[in-house]
There are 2 protein chains.
Amino acid sequence: MSLPHAILTALLERPSSGLELTRRFDKSIGYFWSATHQQIYRELGKLEAEGHIRALPSEQPTRGQKKSYEVLPAGRAELARWTAASQDPKPHRDTLLLRLRAAAVVGTEGIEADLRHHLALHRRQLAEYEEIEQRDFPPGKGGPQDRLRHLVLRAGIDLETFWTQWLTHALEEFTELPDRDPA
Amino acid sequence: MSLPHAILTALLERPSSGLELTRRFDKSIGYFWSATHQQIYRELGKLEAEGHIRALPSEQPTRGQKKSYEVLPAGRAELARWTAASQDPKPHRDTLLLRLRAAAVVGTEGIEADLRHHLALHRRQLAEYEEIEQRDFPPGKGGPQDRLRHLVLRAGIDLETFWTQWLTHALEEFTELPDRDPA
DNA sequence: CCAAACATGTAACGGGTTACATGATTAC
DNA sequence: GTAATCATGTAACCCGTTACATGTTTGG
């Protein structure tokens, strides 16, 4: 139950239409909570029905017409409640690690190429994060809000750093593996 | 579409009943692919219907009676096919990071306690992984299969190390934050 | 006018989660 | 014999995914 709260956060940062939200989820928020436009429209409908947000009255709501939303006090209260409440971390699922485990049983065919593919993607993401850090968080300034946001970005950078290092190490192991590609 | 392949892998490592699988998912495999017993029974039914696994003939299948499964050649082939196929990494979702972003807007009430909670959990998980490493992967021995499994465990260890470090850093930032707990 | 891009949706499906149901075995 | 535990399942709900549908604005 996090998507509505992700949307509330985004709308508090700036009132937006469904498609604008989708675009913002493709960038900053989507780095740790992705969503498609179908999910977002569905959720906007629910949030409006619950009285947590409302459409800006300026535009009339016909299909194909842009419709922007803003957060109502009830929505802000719900977000504050959710943010303050303790939550157990969800177990994480990782297909690549699962495939490695499977490969230990049925063979490593095809894995090495995919490790390289993942490595390239993580390297690119890391570069993107570091660019954002240099642009948005110059050293030695920024209020408490900036420090929180920087902390989140830092997690992204460190995570991508971990993956690039681990994948590099994994590829080294692979090239040393005696019986790969028994052609 | 990974749960069936997780089950196939587990069953290839050792034929098991539904509840035994559930227990193994609570341990080793569940470290990167968790599943409840309901999911597992549902999936075992599908896999059997597709001819990928079969119930060991020894036991008759009444409710409440233990029923063990083994992988058929078709199941092994399917697992090999899935393992070799390239897959794009799924976007990851992290509630804690989302909450931090929300906290930048609606306040940090309650977050610090939860950071401590998460830190404790990640520290415990890290200790568990390191115990497993010392027990199962003594330095300087092991075949190719062991090296793959060690690689996977290594990812777990490094991930938990990252989280403990990041959470420690985050808590330091929090105690320096000027306007927290304005009592 | 027509095509492309913009913008908002609907429908169907599958997997994950939670709550509950039921039969068999074991311990007291 | 009955309570606890083991073991297998059913049912309902929500969320994420994919494919598709429909209307509007803009550019040529």
Side-chain angles (χ1 to χ4, degrees), chain A residues 1-8 10-11 15-26 29-30 32-50 53-56 58-69 82 87-95 98, chain B residues 1-8 10-11 15-26 29-30 32-50 53-56 58-69 82 87-95 98:
Chain A
M1 261 269 295
S2 300
L3 177 57
H5 304 99
I7 291 178
L8 286 173
L11 286 181
S16 308
S17 68
L19 198 60
E20 282 165 358
L21 278 176
T22 303
R23 296 230 172 82
R24 293 172 62 195
F25 269 79
D26 283 342
I29 293 187
F32 47 87
W33 204 274
S34 69
T36 63
H37 80 273
Q38 292 89 338
Q39 282 179 274
I40 287 171
Y41 284 121
R42 190 203 286 171
E43 206 60 43
L44 284 173
K46 280 194 205 172
L47 285 168
E48 191 177 23
E50 291 164 355
I53 63 174
R54 69 165 180 183
L56 289 183
S58 52
E59 348 252 357
Q60 62 270 45
T62 63
R63 196 180 184 125
Q65 212 88 6
K66 193 158 137 183
K67 196 162 78 171
S68 287
Y69 293 90
W82 177 80
Q87 292 173 213
D88 277 329
K90 297 269 161 190
H92 57 85
R93 299 193 158 93
D94 192 297
T95 315
L98 186 61
Chain B
M1 260 268 296
S2 300
L3 178 56
H5 305 99
I7 291 177
L8 286 172
L11 286 180
S16 307
S17 68
L19 198 60
E20 282 165 357
L21 278 176
T22 303
R23 297 231 172 81
R24 293 172 62 195
F25 270 77
D26 283 342
I29 294 187
F32 47 87
W33 203 272
S34 69
T36 64
H37 80 273
Q38 292 91 336
Q39 284 178 272
I40 288 171
Y41 285 121
R42 190 202 285 170
E43 206 61 43
L44 283 172
K46 281 193 204 171
L47 285 167
E48 191 177 21
E50 292 163 354
I53 63 174
R54 68 165 182 184
L56 290 182
S58 51
E59 348 252 354
Q60 61 270 41
T62 63
R63 195 182 185 123
Q65 211 90 5
K66 193 159 135 182
K67 196 160 80 171
S68 287
Y69 293 91
W82 176 82
Q87 292 174 214
D88 277 329
K90 296 268 161 190
H92 57 83
R93 299 193 159 93
D94 191 296
T95 315
L98 186 61

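Naming: A, B, ... by sequence-line order, numbering from 1 per chain.
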(message) If I take atom NZ in residue A:K46 and atom P in nucleotide D:dC13, what distance separates them, rounded to the nearest angstrom?
(response) 13 Å
(request) Rounded off to whole Å, could you give me the CD-to-P distance for the B:Q39 and D:dA11 pair? (result) 18 Å
(message) Distance check needed: D:dC15 P versus A:F25 CZ, whole Å only.
(response) 14 Å
(request) Take the protein atom CD1 of B:I7 and the nucleotide atom C1' of C:dG15, then report the distance between them rounded to whole Å. (result) 12 Å
(message) Tell me the interatomic distance from A:E43, atom CD, to C:dT8, atom P, rounded to whole angstroms.
(response) 16 Å
(message) If you only use heavy atoms from C-beta on, which nucleotide in D:dT8, D:dG16, D:dC15 is closest to the side chain of A:M1?
(response) D:dC15
(request) Could you tell me the separation between the CG atom of B:D88 and the P atom of D:dT17, rounded to a whole number of Å? (result) 13 Å
(request) Supply the atom-to-atom distance A:L98 CG to B:H5 NE2, rounded to the nearest 0.5 angstrom. (result) 9.0 Å
(message) Would you say B:K66 places a side-chain N or O within less than 4.0 Å of OP1 or OP2 belonging to C:dT25?
(response) no
(message) Please enumerate all residues that pass side chain to side chain donor-acceptor pair (under 3.5 Å) together with B:Q38, with sequence neighbours excluded.
(response) B:T36
(message) Using a 4.0 Å cut-off on heavy atoms, which residues in residues 15-22 of chain A reach DNA chain D? List them by number, or say none.
(response) none
(request) Take the protein atom CG of B:D26 and the nucleotide atom P of D:dC6, then report the distance between them rounded to whole Å. (result) 13 Å
(message) Considering every strand and a 4.0 Å limit on heavy-atom distances, what is the contact class for B:Q38: base, sugar-phosphate, or nothing?
(response) base
(message) Need one value for B:K90: base, sugar-phosphate or nothing, where a base atom within 4.0 Å counts as base even if backbone is also close, heavy atoms only.
(response) nothing
(request) To the nearest Å, give me how far apart CZ (B:R93) and C1' (C:dG16) are. (result) 12 Å
(request) Please name the pair of heavy atoms, one in B:L44 and one in B:I7, separated by the smallest distance, quoted to 0.1 Å. (result) CD2-CG2, 4.0 Å
(message) Using a 3.5 Å limit on both distances, find every run of at least three consecutive Watson-Crick or G-U pairs that involves DNA chain D.
(response) C:1-28 with D:1-28
(message) Could you work out, with side-chain contact (heavy atoms from CB on, under 4.5 Å) as the rule, every residue matching B:P91, not counting sequence neighbours?
(response) A:S34
(message) From C-beta outward on B:T36, which listed nucleotide comes closest to its side chain: C:dT18, C:dG16, D:dT17?
(response) C:dT18
(message) So, using side-chain contact (heavy atoms from CB on, under 4.5 Å) as the criterion, who are the partners of A:P89 when residues are at least two apart?
(response) B:H118, B:L121
(message) Within this structure, what is the CG-CZ distance for the pair B:L3 and A:R93, rounded to the nearest 0.5 Å?
(response) 8.0 Å
Less than 3.5 Å apart, which donor and acceptor atoms pair up between the side chains of residues 18-26 of chain B and the rest of the protein, not counting sequence neighbours?
unit_1	atom_1	unit_2	atom_2	d
B:E20	OE1	B:S17	N	3.0
B:E20	OE2	B:K66	NZ	3.2
B:T22	OG1	B:G18	O	2.9
B:R24	NH1	B:A10	O	3.0
B:R24	NH1	B:R14	O	3.1
B:R24	NH1	B:S16	OG	3.0
B:R24	NH2	B:A10	O	3.0
B:R24	NH2	B:E13	OE1	3.4

(request) Confirm from the modelled atom types if B:R42 and C:dT17 form a donor-acceptor pair under 3.5 Å, side chain to base only. (result) yes
(message) The side chain of B:H37 is closest to which nucleotide in this list: D:dG16, D:dG9, C:dT8?
(response) D:dG9
(message) List the residues meeting side chain to side chain donor-acceptor pair (under 3.5 Å) with A:Q87, not counting sequence neighbours, and say none if there are none.
(response) A:W82
(request) Report the nucleotide, chosen from D:dA7, C:dG9, C:dG16, that has the shortest atom-to-atom distance to any side-chain atom of A:Y41. (result) C:dG9
(message) From the set C:dG9, D:dT18, D:dG16, return the single nucleotide nearest to any side-chain atom of A:L3.
(response) D:dG16
(request) Can you sort out the partners of B:F32 under ring-ring contact (aromatic ring centres under 6.0 Å, His included), two or more places apart, ordered by chain and number? (result) none
(request) For the side chain of B:R23, starting at C-beta, report the closest nucleotide among C:dT8, C:dG16, D:dA7. (result) D:dA7
(message) Please find the pair of heavy atoms, one from A:A6 and one from A:I29, that lie closest to each other, and give the distance.
(response) O-CD1, 4.1 Å
